[in-house]
J.: 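Would you mind keeping the following structure in view while I ask a few things?
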Amino acid sequence: MKIKYELLKKSGNARYGLLHTNHGDFETPMFMPVGTLATVKTLTPEQVKNCGSGIILSNTYHLWLRPGEDIVNKAGGLHKFMNYDGPILTDSGGFQVFSLAKPKDITEEGVKFKSHIDGSNLFLTPELSIQIQNKLDSDIAMSFDECIPYPADYEYAKNSTERTLRWAKRGQEVFNNPNQSLFGIVQGGEYTDLREYSAKETVKLNFDGYSIGGTSVGEDKDTMYKMIEDGIRFLPSDKPRYLMGVGEPVDIIEGVIRGIDMFDCVLPTRIARHGNAFTHNGKINIKNAKYKEDFTPLEDSCDCYACKNYTKAYIRHLIICGESLGGTLLSIHNIRFLIKLTEDLREAIKQDKLLEFREEFLKNYLRDE
RNA sequence: GCGAGUAUGGUGAAGGGGUUAACACGGCGGAUUGUGGUUCCGUUAUGCUAGGGUUCGAAUCCCUAUACUCGCC
């Protein structure tokens, strides 16, 4: 069975909705924690769920290399393999085209990679990406795309955007998993007309959902918000919209205001492992000396497991000593922070108070310490 | 008590007369947006045990003191 999106309430362009999947339903807007290698780093599935996450993300490229999609398939699919019974979305490996391959490695047929593990030569195609994802048996698969660098000249962006469309079609043609849904990805770089073109042409292919790709690649925030606006207005209202790779609190708010339903980002877990925590007064670095004797939680108002049971001084000690529990506790807090943010945004949509919510949030978040 | 050796930042240390004392760790601070898991970047000794001397110039050479290390009575 395919996913089904239910739009429950609109406030401006923002949407409050419900997404039905074979592994449960969740409300949107929603933040998806990233579990690249079939694990949200340092967390058990129970801990992830307790943060309120409705869906998590995993990665085709990484699981293709290790342990290999056939192993996951033999295990009974990704859910069984990693003991996570909630919805899972798999990225296509498209972002690894951006992060691992060089421009000259990208051809019409596919993308040449040097394995980041042993340096061996790899070749990933739109068809292979979809076949791997079919075997992984995630709830939502992503089209194989090219995430266009920023800045990119118009010719490059145009050619890449058209190629991504051809790749999307090729992926659809081999797609073969009735329990899985497939999302198309809008590209177009920084160019309004290419974004519009990409959106319209992608929608013609009739995917189960759509995402905005090619953002958060080094562009300034206004450019990013424009990229969202340029593509999103051509997307159908009865399908979910997913903004790929975006997870700074402010960007999530701006995305929701512009009609985004789903977000994913490595930020909460990555910065956690490096000792940073989101708070309503901005990001803090728990390694700072001023927290050495701070026996209060990361945030008094937070309802996460870390804040209810541990102090800044203790978490600082763990991080400084390289103890993995430090990363775990900060990851729990940061994921909970972003998911709570989407919960608050849902509430604000229901009450038509989104702009007031943004103003209030920014007043605190950007405040100088 | 006698003889020998060593003294450089929070730590381990480089430099053996000539511009702002290498490097590493630690400390302090910053970065991180579809994750190439102990990441990257910045900063951190106005001073080389103390005092005196030689020299245009001393962490580097000489003298004295102090501390530690090793050996011998």
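The shown structure was predicted, so the numbers you read here are calculated from the model rather than taken from an experiment.
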J.: Round to the nearest Å and state the distance from A/Tyr150 atom OH to B/G34 atom P.
T.: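 After rounding, the gap between these two atoms is 18 Å.
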J.: Which value, in whole Å, describes the distance between the P atoms of nucleotides B/G29 and B/U33?
T.: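 Result for the P pair: 22 Å, nearest Å.
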J.: In whole angstrom, give the distance that lies between atom CZ of A/Phe263 and atom C1' of B/U35.
T.: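 Taking CZ of A/Phe263 and C1' of B/U35, I get 19 Å after rounding.
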J.: Are A/Glu190 and A/Glu219 side-chain neighbours, meaning at least one heavy-atom pair lies under 4.5 Å?
T.: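 Heavy-atom side-chain distance check fails, nothing below 4.5 Å.
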J.: Across all strands shown, which nucleotide pairs with B/G3 by Watson-Crick or G-U wobble geometry, both distances under 3.5 Å?
T.: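 Across any shown strand, B/G3 pairs with B/C70.
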J.: Under the side chain to side chain donor-acceptor pair (under 3.5 Å) criterion, do A/Asn22 and A/Asp139 qualify, and how do the steps go?
T.: CA-CA 7 Å; A/Asn22 291 330; A/Asp139 297 277; 4.9 Å; no
J.: Measure the distance from CD1 on A/Ile212 to C1' on B/G34 and round it to the nearest whole Å.
T.: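 After rounding, the gap between these two atoms is 13 Å.
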J.: Syn or anti for B/G37, please, going by whether the chi angle lies within 90° of 0.
T.: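 Syn conformation for B/G37.
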J.: Pairing check on B/G15: which nucleotide meets the Watson-Crick or G-U wobble criteria with it, both distances under 3.5 Å?
T.: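 The answer is B/U8, by the H-bond criterion.
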J.: Name the pairing partner of B/G26, where a pair is Watson-Crick or G-U wobble with both distances under 3.5 Å, or state none.
T.: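 Across all strands, the one nucleotide that pairs with B/G26 is B/U44.
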J.: Given atom CE of A/Met32 and atom C1' of B/U35, what is their separation to the nearest angstrom?
T.: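 It is 14 Å, rounded to the nearest whole Å.
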J.: Can you tell me how the ring of A/Tyr61 sits relative to the ring of A/Phe113, calling it parallel under 30°, perpendicular over 60° and tilted otherwise?
T.: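 Ring orientation, 0 to 90° scale: tilted.
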J.: Regarding A/Gln187, tell me which of base, sugar-phosphate or nothing describes its non-hydrogen contacts under 4.0 Å with the strands shown.
T.: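 The answer is base, as A/Gln187 lies within the cut-off (heavy atoms under 4.0 Å) of a base atom.
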J.: Atom CD1 of A/Ile260 and atom C1' of B/G34: how far apart are they, to the nearest Å?
T.: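 After rounding, the reported distance stands at 13 Å.
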J.: Would you mind reading off the distance between A/Ile228 atom CD1 and B/G34 atom P, rounded to a whole angstrom?
T.: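 The answer, rounded to whole Å, is 14 Å.
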J.: Salt bridge (Lys or Arg N to Asp or Glu O under 4.0 Å), that's the test. Do A/Lys340 and A/Glu343 meet it? Break it down for me.
T.: CA-CA 5 Å; A/Lys340 179 70 164 56; A/Glu343 288 172 5; 5.2 Å; no
J.: Which part of the nucleic acid, if any, lies within reach of A/Gly255 when heavy atoms closer than 4.0 Å are counted: base, sugar-phosphate only, or nothing?
T.: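 Since no nucleic acid heavy atom lies under 4.0 Å of A/Gly255, the category is nothing.
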J.: Would you say the side-chain atoms of A/Gln133 and A/Ser129 include a donor-acceptor pair closer than 3.5 Å?
T.: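 Yes - a donor-acceptor pair under 3.5 Å links their side chains.
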J.: Is B/G53 syn or anti, taking syn as a glycosidic angle within 90° of 0?
T.: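 With its glycosidic angle more than 90° from zero, B/G53 counts as anti.
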J.: Once you apply a heavy-atom cut-off of 4.0 Å, does A/Lys221 come out as touching a base, just sugar-phosphate, or nothing?
T.: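 Counting heavy atoms under 4.0 Å across all strands, the contact made by A/Lys221 includes a base.
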J.: Given atom CG of A/Asn334 and atom P of B/U35, what is their separation to the nearest angstrom?
T.: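 Rounded to the whole Å, the gap is 17 Å.
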J.: Just name whichever nucleotide pairs with B/G37, Watson-Crick or G-U, keeping both distances under 3.5 Å, else none.
T.: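 Across any shown strand, B/G37 pairs with none.
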J.: Take atom P in B/C48 and the same atom in B/A59, then report the distance between them in whole Å.
T.: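 Each nucleotide's P atom is 7 Å from the other's.
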J.: Look at the side chain of A/Asn288 against the base of B/G29 and say whether a donor-acceptor pair falls under 3.5 Å; ignore hydrogens and angles.
T.: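 Flag unset: no donor-acceptor pair detected.
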J.: Heavy atoms only, 4.0 Å cut-off, all strands: where does A/Asn59 land among base, sugar-phosphate and nothing?
T.: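 Since only primed, P, OP1 and OP2 atoms lie under 4.0 Å of A/Asn59, the category is sugar-phosphate.
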J.: A/Tyr84 ring centre to A/Lys49 NZ or CZ under 6.0 Å, with the angle to the axis within 45°?
T.: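 Yes, A/Lys49 sits over the ring of A/Tyr84.
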J.: Describe the nucleic acid contact of A/Ile185 in one word from base, sugar-phosphate, nothing, applying a heavy-atom distance below 4.0 Å.
T.: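 A/Ile185: base contact, heavy atoms under 4.0 Å.
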J.: Donor-acceptor pair, A/Asp261 side chain versus A/Arg241 backbone, under 3.5 Å?
T.: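 Between the backbone of A/Arg241 and the side chain of A/Asp261 there is a qualifying donor-acceptor contact (under 3.5 Å).
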J.: Determine whether the aromatic ring centres of residues A/His317 and A/Tyr310 are separated by less than 6.0 angstrom.
T.: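 No; A/His317 has its ring centre 6.0 Å or more from that of A/Tyr310.
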J.: Just the atom pairs and distances: protein N or O near nucleotides 36-38 of chain B's N or O, under 3.5 Å.
T.:
| residue | atom | partner | partner atom | Å |
| --- | --- | --- | --- | --- |
| B/G36 | OP2 | A/Gln96 | NE2 | 3.0 |
| B/G37 | N1 | A/Lys41 | NZ | 3.1 |
| B/G37 | N3 | A/Lys41 | NZ | 3.4 |
| B/U38 | O4 | A/Gly322 | O | 3.2 |

J.: Just the rounded figure in Å: distance from C1' of B/U35 to CG of A/Leu43.
T.: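 Computing the A/Leu43:CG to B/U35:C1' distance gives 14 Å.
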